[in-house]
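Just below is one structure, and these are the notes that go with it.
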Amino acid sequence: MEEIEVPSYFLCPISMEVMRDPVTISTGITYDRENIERWLFSCKHTTCPITNQDLKFTDLTPNHNLRRLIQSWCMLNSSNGIQRIPTPKPQVQKTYVVKILNEAQKCPDMQFNCLKRIRSMARANESNKKCLESAGVVDFLASIMIKKKESEVSDASDKALNILFHLNPSDTELKRFITSRNDHQDHQFLDSLLQFMKSGDVQSRTNAITLVRSTLNVADPAQLIGIQPVYFKSIVGILNDKVSQQATKEALKLLLELCPWGRNRIKASENGVVFTLIELLLDTNERRVCELILTALDHLCTCAEGRAELLSHGGGIAIVSKKILRVSHLASDRSVRILCSISKFSATCYNKVLQEMLVVGVVSKLCLVLQVDVSPKTKEKTKEILRLYSRVWRDSSCIPSHLLSSYP
């Protein structure tokens, strides 16, 4: 079979593949719809990939003439194994979306059918998602989620959550959603997500924690400072139940974003977060998860309540020490910082802590850190701990003789 040369103007300038749905942007350059939508909406670029001009408008105009040329060329070369590119579905119009939303709101029996249509439109392409968002679909889906009964997840509410997750609402839309209504309405939306985190299936709980994090990412500092303890209880539930790897990472990232604000570290410690993190750390070797856990523990150990919770767990100090030099440079750094906080600020159980750090091998591990390639900050923090307690540790039989030479 002879090799067919594809006309260059049939190729998308981004991927250099034959365009299936050619569209033209405001600079006059034609791209394949999937590629340019990924560039504009997923990667959030605001320029033309070829000319690098700023785009004042992101409207995509179908290039019907070029599409017909490509289809004709495919048919002419079908004997050489070239398959015809199907005609793309027409783009969704805002007026149509508003119409089916109004029908569903007037007649509840139409609601489930409306959700099926919205899901089908949202799956088609990014342009449809933007159209759905501008037509008020986010509010419509949220209203279905809010109306579900307490501790009950219906098919409609579950489907609404799934669609809302895949719509991936913009920061502007989420910001408007949590600030434009009265406080009671705001709490209802977030409360509905918390309810899904607690009682939904695996996918719903994963989607819910992801949406909670996205929503709180655009919240005002005052809202983050005043966050209720129920959020930390919900995070603990996700982590304890090991819902999914994605849900675990989202819960840990949400925790890291909440900890710096106000008394949130205390709230987290009082609601069992530290104990849960240590249990999770004992049970995982996945690099990114370990890094997130240790970073969260580093934050929490800057408050007395967090340090007390870590010390109350029989394996707290041992597992933190174990992760040094076994996961990554970041994990080693966070582990040393945690041990520094524990050793410097645990005055009420001073002797017990120092003795435990000797017995479980923390001091030996710290001596080893000084002999290997770690960041200067990690090494300096390690020296600070060893110097601070050299009177207690330097001549201990718990430290192997070959490491004593590195004791500062």
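Any value given below was found using the heavy atoms of this structure, including those in side chains, with hydrogens, waters and symmetry copies removed.
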So, the side chain of [X] versus the backbone of [Y]: is there a donor-acceptor pair under 3.5 Å, distance only?
X	Y	value
Glu126	Glu37	no
Ser321	Ile317	no
Asp333	Lys377	no
Tyr389	Ser343	yes
Gln71	Ile85	yes
Arg307	Ile342	no
Lys381	Cys340	no
Asn264	Trp261	yes
Asn128	Met121	yes
Thr215	Leu211	yes

Please report the interatomic distance [atom1]([X]) to [atom2]([Y]), rounded to the nearest 0.5 Å.
X	Y	atom1	atom2	answer
Ser390	Lys383	OG	NZ	14.0 Å
Glu279	Ile293	CD	CD1	11.0 Å
Phe196	Asp158	CZ	CG	6.0 Å
Lys129	Arg123	NZ	CZ	10.5 Å
Leu254	Ile227	CG	CD1	8.0 Å
Glu270	Glu309	CD	CD	8.5 Å

Problem - Within-4.5 Å side-chain heavy-atom neighbours: Ile163 and Lys159 - result: yes
Handout entry: Within-4.5 Å side-chain heavy-atom neighbours: Thr46 and Leu55
Key = no
Between [X] and [Y], does any side-chain N to carboxylate O distance fall below 4.0 Å?
X	Y	answer
Glu257	Lys253	no
Asp220	Lys175	yes
Glu34	Arg20	no

Practice task
Mind running side chain to side chain contact (heavy atoms under 4.5 Å, CB included) on Leu167 and Leu141 for me, showing each step along the way?
Solution key: CA-CA 11 Å; Leu167 272 179; Leu141 297 173; 3.8 Å; yes
Practice task
Report the relative orientation of the aromatic rings in Phe275 and His313; use parallel for angles under 30°, tilted for 30 to 60°, perpendicular for over 60°.
Solution key: tilted
Practice task
For atom CZ of Arg84, decide whether the heavy atoms of other residues, nucleotides or ligands shown that lie under 6.0 angstrom number more than 12.
Solution key: yes
Exercise for the section: Evaluate whether atom NZ of Lys130 has more than 12 neighbouring non-hydrogen atoms of other residues, nucleotides or ligands under 6.0 angstrom away. Expected result: yes
Exercise for the section: With side chain to side chain contact (heavy atoms under 4.5 Å, CB included) as the test, would you mind laying out the steps for Ser143 and Asp139 before giving the verdict? Expected result: CA-CA 6 Å; Ser143 68; Asp139 283 348; over 6 Å; no
Exercise for the section: Applying side chain to side chain contact (heavy atoms under 4.5 Å, CB included), run through Asp283 and Lys242 and close with a yes or a no. Expected result: CA-CA 11 Å; Asp283 198 40; Lys242 299 178 182 176; 2.3 Å; yes
Handout entry: side chain to side chain contact (heavy atoms under 4.5 Å, CB included) evaluation trace for Lys323 with Arg326
Key = CA-CA 5 Å; Lys323 297 301 178 181; Arg326 288 196 175 190; 5.6 Å; no
Handout entry: Donor-acceptor pair between Asp201 and Ser204 side chains, under 3.5 angstrom
Key = yes
Problem - Test item: side-chain donor near acceptor, Ser332 and Thr378, under 3.5 Å - result: no
